[in-house]
**Q** 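One structure, pasted below without further comment.
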Amino acid sequence: MHGAHTIHQDPLALHAGQYRQRLPGWRDLAALVLVVGLVILLGGGARQMIEPTAHLQAVSISLSPEALPLYTLRTVLRMLVALLASILFTLTYATLAAKSRRAEMVLIPLLDVLQSVPVLGYLSFTVLFFVSLFPGSTLGPELAAIFAIFTSQAWNMAFSFYQSLRMVPSDLDEASRSFRSSPWQRFWRLDVPFAMPGLVWNTMMSMSGGWFFVVASEAISVGDLQIALPGVGSYVARAIEERNLACVGWAIVAMSVAITLYDQLLFRPLVAWSDKFRFEQTAAQRVPRSWVLGLFQQAAIFQSVNRMAAAGLQRVGDARLLAPGLRLPHLRRPGSQRLLDVIWLLAVAVAIGCLAWALLRFARNTLSWGDVAEASRSGLLTLLRVMVLVALASLVWVPIGVAVGLRPRLTAIVQPIAQFLAAFPANLLFPLAVFVIVKYRLAPEVWLSPLMILGTQWYILFNVIAGASAFPSDLREAAASFRVRTPHWWRQAILPGIFPYFVTGAITASGGAWNASIVSEAVNWGSTRLNGGGLGAYITQMTQAGDYPRIALGVAVMSVYVVAMNRLLWRPLYAFAERRTRLA
C-alpha cells in the first residue's frame, strides 16, 4: 500500500538493547556505594553503643570540632532507632484505639497523659531502670537516651495516625467491606495507604521534636547521676557549660548537616513515595520528587530487590489475619454490649484507683499541701503562656500557611525551608536569648516565654499548608466565579476547609509547648542561670536536685493541666472538625 512504511526491527538488536539496559551503570554504583556506606557507618555506631561503661567514664566529651562527625553519627543512630520504635508503636497503639471502642476509652485519654509528661519526667524515672538492666555496659544509658527521644516522637505520630484512621471516607470503607476483605486486609490496603501521607509529614515533625530534646537526652543529669553520652547533645551541653560560643556554632553546623542528610536520604524519598497514596489529586498539584528514590528505582541491581519487596508486601496484604475491629457475633446484642462496657469501666476505675493510691503512699511522707499549691500556681503560669503563644502563632502562621498551600509552586519552595527550620533544634538559640536578656536587663518571666513556641509553631504551619493544599479546587473556582469577597471567603470557605488540619496542628503545638517548657523556662549560659518561673522551671529544678517526689508532683500537675485543656478545649474542637469532615 502506497504511503505505508513498515519498520522492521532486528530481534538480535532488540535483545542486545534490553541486555544493555539491564547492565549495571553509574546509578547502580552510586546506589551500592550509598547503601554500603550507610551500613558501615551505622554498624560502627551500633558497635560503640555496647562498649563497657568504664570506657564511657574514661573518655570525656571533647569540644574539638574533629570529634563532631563521630558524635553526630551517634546522635543520628539514636534518633533512627527511636524513630523505628515510634513507628511500630504508632501502627499498633493508634490502630487499636481507632478500631476498638473499649480500647479507645482508655488509650486516647492515656495518650493525652503520655503526651503531657515532659521528657525529663520520663528520664528521671527510667534512667536508673535502664542502667540497672545492663550493668557495666553502655547499652543501659543508650537505651535510656533512646527511650527519652522516643517519648518526644511517638505521641504525635500515634495521634496523627489515629486521626487518619477515624477519617477514612465511608464510601471507601463500604467498598472494602463489600469485597469481603478481612479486618487485616482493610487495615493494610485501605487504612495504612490513606494515612500514609499524614503519617510521613508528622514523622518529620516528630523527628524535629527529637532534635529539640537531644541535649536533655544525651547529657543526663538526674540528682547525683551524671552521664554524658557521646553525641551532639552532650557536646552542646558542655559548650554551654564552658560558655564556648564557637563550639555552639560548630554544633549548629553539624546538626544542620545531619538534618539535611536526614531530609535527603530518608524523608524526601518517603514524601515522594507516599504521595501516590494521596486520596485527592488535583491538576495543579506538584508531584514531589527525590533523587534518592529515583536513583534506586532506576538502578538495575536494585530492581530485583524492589520486585521481591513488592511481592512480599502483596503476600502480606493478601493474608486474612485477624486485626482490631473484628466483632464477635454473639456479643453484638445491646445488653451484652452494655454489660461489657460496665465491666470494662469498673476494671479501668480500679486500676486508676490502685495507681493513685500507690502514688499517694509514695509522696505522703514528703509532700505537703503547700507543695501542691506551689506546683499548681506554677502550672497556671505555664498554662497562660501556652494559650497566649499558641494564639499568637496561629495569627501569624494560618494566613501564611493558607497563602503557601494554595500555590503549589510556592509550596515546593517554602516546604523544604520550613522543614529545615522545624527540624533545627531551637534550644541552640537559647544562649543568645540569655545573652540578650542579661545585657539589656529584661524580665526573664516575659522574654523567656517565646522560647517555648520556637520549636512547636511549625506544627501549625505544616498542618495548615496540608489543609490548604487539599482544599478542593472546584470550591476555589466557585468562589472566584461568584466573586466572593475576601472576608466572606475566609470566614465561609477556607477557614472551615482547613479547620480539621488547624485543630490537629494546634493540639500538637500546645502539647509541644508544654513539653518545651522544661528547657525554656529555666536556661543557663555557663554560670548565668535564668528562671522564668512556671511548671517547666519547677520540674527542671527538682530534677537537678534529684527530688523524686516533687518531680512526680510536677509531672502529675502538668498532666492534669494538659488533659483538662485537651478535654475542655481541643477535643470538642476536634470532634466538631471530625463531624464536619464526615458530613462533607
Side-chain angles (χ1 to χ4, degrees), residues 33-49 61-87 119 142 145-146 148-150 152-153 157 200-219 228-240 244 246-271 290-293 415-431 454-455 458 462 519:
V33 169
L34 185 62
V35 171
V36 173
L38 287 176
V39 170
I40 293 176
L41 288 176
L42 296 179
R47 180 180 57 83
Q48 294 176 351
M49 292 175 67
I61 300 299
S62 172
L63 290 182
S64 171
E66 297 177 355
L68 267 177
L70 179 59
Y71 290 167
T72 305
L73 174 63
R74 296 285 293 271
T75 300
V76 166
L77 182 58
R78 293 185 190 106
M79 298 193 69
L80 181 60
V81 175
L83 185 66
L84 294 176
S86 300
I87 293 174
V119 170
E142 290 283 356
I146 290 171
I149 298 172
F150 164 84
S152 66
Q153 297 175 345
M157 295 169 58
V200 169
W201 281 106
N202 279 278
T203 299
M204 290 190 293
M205 294 304 301
S206 297
M207 179 66 74
S208 306
W211 281 110
F212 191 88
F213 293 104
V214 71
V215 175
S217 303
E218 293 181 346
L229 295 172
V232 182
S234 298
Y235 184 93
V236 172
R238 184 172 180 186
I240 292 176
N244 193 328
C247 290
V248 174
W250 282 114
I252 291 175
V253 173
M255 283 191 174
S256 301
V257 172
I259 292 168
T260 303
L261 291 177
Y262 248 120
D263 174 64
Q264 294 296 318
L265 299 180
L266 179 62
F267 289 127
R268 188 64 51 182
L270 284 177
V271 170
S290 166
W291 65 271
V292 174
L293 184 62
Q415 270 186 346
I417 300 174
Q419 180 183 334
F420 177 82
L421 294 175
F424 184 81
N427 50 352
L428 287 184
L429 303 177
F430 288 6
L454 283 182
W458 310 110
F462 269 96
V519 294

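Just so we're clear, the structure is a prediction, and the values are computed from it rather than from any experiment.
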**Q** If you compare all heavy atoms of A82 against all heavy atoms of I149, which two are closest, and at what distance to 0.1 Å?
**A** CB-CG2, 3.7 Å
**Q** Taking all atoms of both residues into account, what is the closest heavy-atom pair of Y71 and S62, and its distance?
**A** OH-N, 3.1 Å
**Q** Working to the nearest 0.5 angstrom, can you tell me the gap between S217 OG and F150 CZ?
**A** 13.0 Å
**Q** Who pairs with S234 by side chain to side chain donor-acceptor pair (under 3.5 Å), at least two apart in sequence or on another chain?
**A** none
**Q** Closest approach of T203 and F267, non-hydrogen atoms and distance?
**A** CG2-CE2, 3.8 Å
**Q** Applying side-chain contact (heavy atoms from CB on, under 4.5 Å) to L80 and Y262, what does each step give before you reach the verdict?
**A** CA-CA 10 Å; L80 181 60; Y262 248 120; 3.4 Å; yes
**Q** Compare every heavy atom of Y235 with every heavy atom of C247, then report the nearest pair and how far apart it is.
**A** O-CE2, 3.3 Å
**Q** Decide side-chain contact (heavy atoms from CB on, under 4.5 Å) for I259 and M207; before the verdict, give the C-alpha distance in whole Å, the side-chain angles of both, and the deciding distance to 0.1 Å.
**A** CA-CA 10 Å; I259 292 168; M207 179 66 74; over 6 Å; no
**Q** Do R74 and E218 meet the salt-bridge criterion of a basic N to acidic O distance under 4.0 Å?
**A** no
**Q** What is the minimum heavy-atom distance between P269 and L266, and which atoms define it?
**A** CD-O, 3.3 Å
**Q** Can you list the residues that meet the side chain to side chain contact (heavy atoms under 4.5 Å, CB included) rule with V232, with sequence neighbours excluded?
**A** T72, T75, V236, A251, M255
**Q** S152: which residues meet the side chain to side chain donor-acceptor pair (under 3.5 Å) condition with it, sequence neighbours left out?
**A** none
**Q** Could you pull out the closest heavy-atom pair between R78 and A145, with the gap in Å?
**A** CD-CB, 4.3 Å
**Q** Rounded to the nearest 0.5 Å, what's the gap from CG on L77 to CD1 on I146? Could you check?
**A** 7.0 Å
